[in-house]
2 protein chains.
Amino acid sequence: MAEAAQTISDHIHKMLDDLTRAERQLALSVLETYPASGLGPLTALAKDAGVSVPTVARMVQKLGYKGYPEFQAALREELKAKVKTPIAKHDTWAEAAPSGHILNRFTEAVIENIRLTLGQIDPSAFDHACNLMADVDRHLFIVGGRITHTLAEYLFLHMQVIRPDVTHVQSTSNTWPHYLLNAKEGDVFVVFDVRRYENNTLKLAELAHERGAQIILMTDQWRSPVHQLATVCLSNRIVVPSAWDSATTTMLLLETMISAAQTLNWTQTKARIEELEDMFDQTKLFRKFT
Amino acid sequence: MAEAAQTISDHIHKMLDDLTRAERQLALSVLETYPASGLGPLTALAKDAGVSVPTVARMVQKLGYKGYPEFQAALREELKAKVKTPIAKHDTWAEAAPSGHILNRFTEAVIENIRLTLGQIDPSAFDHACNLMADVDRHLFIVGGRITHTLAEYLFLHMQVIRPDVTHVQSTSNTWPHYLLNAKEGDVFVVFDVRRYENNTLKLAELAHERGAQIILMTDQWRSPVHQLATVCLSNRIVVPSAWDSATTTMLLLETMISAAQTLNWTQTKARIEELEDMFDQTKLFRKFT
DNA sequence: CTTGATGTGTTAAAAATATTTCATAATTGT
DNA sequence: ACAATTATGAAATATTTTTAACACATCAAG
């Protein structure tokens, strides 16, 4: 199947000497705008290269493919593989473990999730979300669900240092309506909702939206119904070889947002960190030396 | 012509809201291995995405193309243009953002952390930790600190489903000595302690160790002093371009351990999941349909 | 629970694309 | 220069792919 060694374009290069005039003319045309030209219809390629239709068919057979469609399929495979970054192909992450070990399988999946998630993010929407989160004129509410409340709290802990007026609301708790009383127009809600989307979370989002609040939604690739109310919707890939979904990609995005928000608010954040450190010193919560 | 925005993938992304369920499922599949999947035959794409053939035809029309071939032609054009640009290197994760954008800088750092962390893990120690965690004859205590208690709780929520006898202890709380009363020889403590190592955590670990418990430590590359008491010590890289450290790598490792533990205990886990689902159904906590 | 509207998949017809056949042109060796 | 060989393209055929038509299923409103 012409899988001699490397890429198909290399293979064509090597074959160039064994091709006839018309075929070579065609081959060079294919290489000219590789691989796009080879992915179109045979007829178009022939016309483009200035050769006849059967010439194309004959050349791909000479290259070792059964027919033009098979040649195209090979090109697509190559393209697919190429899009994966070199780091994603790194198939053993824990070098000491076999490639089938859960450490490697799981990591592989997570890296792929990260790649896909980041690839689909709209940076301007992301920046907008960070600006909203860092805006101290707006009260910041952070809403998590049954599992995601851990992520919500992680965000809360950091935002609390970065800025004042941050509240952590747990949608599974029946106390959340009380928090909503304080929400006013222009306030910001960061809502976590991944599959097994929660009714409470949706209700909370609806009420917040009615009150004129801005919603930033952290969800999965299938997107929680909350997304219809959201100002910014960040969807994460979460599928891994496990009975549960992965929060790692969401964690990454979250930390990136924290980092961005902290930069936006740096003067204030710095002062607050110092104050916090002072308090830690006084309570002797931490060890003095590493 | 649908050349409204920039790339076709952007356009699809923007359109996502106007698409129906099956169409969205298809669109996501297209984006997954973009652009390769869209360059193959319609039939293959439909099968790949798990939707019917006409759905594909309808979606591309919704996107503004006259038919599937026109859509493909547009993809090829885009591919042709992309290859011409010399910097086709995939060193940017969020392609739409400049390489200096925090999204790319942060992700780059995290991936590097993952690579280094996984590279240094001893698989047999890792497996040993998973076995201990999955062993239902030992009570499992999960201990987190000021920030890490969120990770601890994440682990707790999942382990709680996988097996009975799991307790979440927060070292910053003054109630933890009470939990220790129940700890007996052979029990397992998963302890989270990253820099700004906490005195309370160390004390707790010491007492647990005295009582003959096994300690699994999740720490950073400099390793918490708890490591001297630990049966297994898993150290993570945590440095990122931020004022704080990253928990993403730790989250990855955690989820991998959950996945491994769940496999070890599968029969029991499965039964427990089913029971849980039943209860969810009865409480109507979740939405029935996506 | 029924109705109407919308979405979705199965099937069949239409269109396009790819392959084969064959006649002609170009090339090579004598 | 002439035959033998090989290469090439036009046209016909076969195949695949795409589109259109229809029927079933699903969901929201009354």
Side-chain angles (χ1 to χ4, degrees), chain A residues 1-2 8 12 15-30 35-76 197 199 202-203 206 222-225 227-229, chain B residues 2 12 15-30 35-76 284 286-290:
Chain A
M1 300 318 123
I8 296 166
I12 296 177
M15 282 291 214
L16 230 46
D17 288 330
D18 303 334
L19 300 177
T20 65
R21 180 195 55 73
E23 284 169 352
R24 188 154 41 236
Q25 184 179 330
L26 165 65
L28 289 171
S29 167
V30 169
S37 54
L39 291 164
L42 187 152
T43 322
L45 178 57
K47 195 177 159 198
D48 215 50
V51 300
S52 73
V53 165
T55 302
V56 181
R58 281 190 286 259
M59 189 198 68
V60 295
Q61 287 194 1
K62 245 187 199 169
L63 289 174
Y65 301 96
K66 210 171 169 189
Y68 188 67
E70 195 183 300
F71 170 68
Q72 287 191 313
L75 279 177
R76 281 197 303 275
Y197 308 119
N199 280 321
L202 180 59
K203 292 231 178 70
E206 277 166 353
W222 303 280
R223 300 195 302 178
S224 143
H227 88 266
Q228 288 163 346
L229 313 166
Chain B
I12 296 177
M15 280 292 206
L16 232 47
D17 284 326
D18 304 331
L19 299 177
T20 65
R21 180 194 56 74
E23 286 170 350
R24 189 156 39 236
Q25 184 179 330
L26 166 65
L28 290 170
S29 166
V30 170
S37 56
L39 291 165
L42 187 152
T43 323
L45 177 58
K47 196 176 157 200
D48 216 51
V51 302
S52 73
V53 166
T55 301
V56 181
R58 281 190 287 256
M59 190 198 69
V60 295
Q61 288 194 1
K62 245 187 201 171
L63 289 175
Y65 302 95
K66 208 172 171 186
Y68 188 69
E70 195 184 301
F71 170 69
Q72 287 190 313
L75 278 177
R76 281 197 302 275
K284 293 192 180 143
F286 298 106
R287 296 170 64 80
K288 265 289 164 53
F289 307 121
T290 54

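Values below: every heavy atom of this structure, side chains too, minus hydrogens, waters and symmetry copies. Chain letters run A, B, ... following the sequence lines, proteins first, then strands; residues in each count from 1.
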Query raised in the report: Where do A/Thr55 and A/Arg58 land on the side-chain contact (heavy atoms from CB on, under 4.5 Å) test, with the steps shown first?
Result: CA-CA 5 Å; A/Thr55 302; A/Arg58 281 190 286 259; 4.0 Å; yes
Gap between atoms [atom1] and [atom2], on [X] and [N] respectively (whole Å):
{"X": "B/Tyr65", "N": "D/dT18", "atom1": "OH", "atom2": "P", "value": "16 Å"}
{"X": "A/Leu45", "N": "C/dA16", "atom1": "CG", "atom2": "C1'", "value": "16 Å"}
{"X": "A/Phe71", "N": "D/dT16", "atom1": "CZ", "atom2": "P", "value": "20 Å"}
{"X": "A/Gln61", "N": "C/dA18", "atom1": "CD", "atom2": "P", "value": "13 Å"}
{"X": "B/Leu42", "N": "D/dT17", "atom1": "CG", "atom2": "C1'", "value": "8 Å"}
{"X": "A/Arg24", "N": "D/dA7", "atom1": "CZ", "atom2": "C1'", "value": "12 Å"}
{"X": "B/Lys66", "N": "D/dT19", "atom1": "NZ", "atom2": "P", "value": "11 Å"}
{"X": "B/Arg58", "N": "C/dT8", "atom1": "CZ", "atom2": "P", "value": "8 Å"}

Between [options], which nucleotide gets closest to the side-chain atoms of [X]?
{"X": "B/Ser52", "options": "C/dG9, D/dT18, C/dT20", "value": "C/dG9"}
{"X": "A/Thr55", "options": "D/dT19, D/dT8, C/dA18", "value": "D/dT8"}
{"X": "B/Ala57", "options": "C/dA18, D/dT19, C/dT8", "value": "D/dT19"}
{"X": "A/Tyr68", "options": "C/dT10, C/dA18, C/dT20", "value": "C/dA18"}

Report task. Mind running side-chain contact (heavy atoms from CB on, under 4.5 Å) on A/Tyr68 and A/Val53 for me, showing each step along the way? Result -> CA-CA 11 Å; A/Tyr68 188 67; A/Val53 165; over 6 Å; no
Requested in this report: For the residue pair A/Arg21 and A/Gln25, confirm or rule out a side-chain donor-acceptor distance under 3.5 Å.
Outcome: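 Indeed, the side chains of A/Arg21 and A/Gln25 share at least one donor-acceptor pair under 3.5 Å.
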Query raised in the report: What nucleic acid atoms does B/Pro54 come within less than 4.0 Å of, heavy atoms only: base, sugar-phosphate, or nothing?
Result: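 Since a base atom lies under 4.0 Å of B/Pro54, the category is base.
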Report task. Answer with base, sugar-phosphate or nothing: what part of the nucleic acid does A/Val53 contact at a heavy-atom distance below 4.0 Å? Result ->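 The answer is base, as A/Val53 lies within the cut-off (heavy atoms under 4.0 Å) of a base atom.
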Report task. Of all the heavy-atom pairs spanning A/Gly67 and A/Val60, show the shortest one and how long it is. Result ->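 Residues A/Gly67 and A/Val60, closest heavy atoms: C-CG2, 3.9 Å.
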Query - Minimum heavy-atom distance between A/Pro41 and B/Arg76, given as atom pair plus value - result: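 That closest heavy-atom pairing would be CD-NH2, 3.7 Å.
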Report task. Give the intermediate values and the outcome of side-chain contact (heavy atoms from CB on, under 4.5 Å) for residues A/Lys62 and A/Thr20. Result -> CA-CA 11 Å; A/Lys62 245 187 199 169; A/Thr20 65; 3.7 Å; yes
Requested in this report: Please determine if a side-chain N or O atom of B/Thr20 lies less than 4.0 Å away from the OP1 or OP2 oxygen of C/dT6.
Outcome: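 Indeed not, no polar side-chain atom of B/Thr20 lies that close.
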Report task. For B/Glu23 and for A/Thr43, find the nucleotide of DNA chain C with the closest heavy atom, then tell me which residue's nucleotide is more 5'. Result ->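 The residue whose closest nucleotide sits nearer the 5' end is B/Glu23.
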**Report entry** Note: B/Asp17-A/Arg223 ion pair, threshold 4.0 Å (strictly below)
**Finding:**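 Judged by the 4.0 Å cut-off on N to carboxylate O distance, B/Asp17 and A/Arg223 do form a salt bridge.
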Query raised in the report: Between the two end axes of the helix from C/dC1-D/dG30 to C/dT30-D/dA1, each built from 5 base pairs, what angle do you get to the nearest 10°?
Result: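 Roughly 30°, once rounded to the nearest ten degrees.
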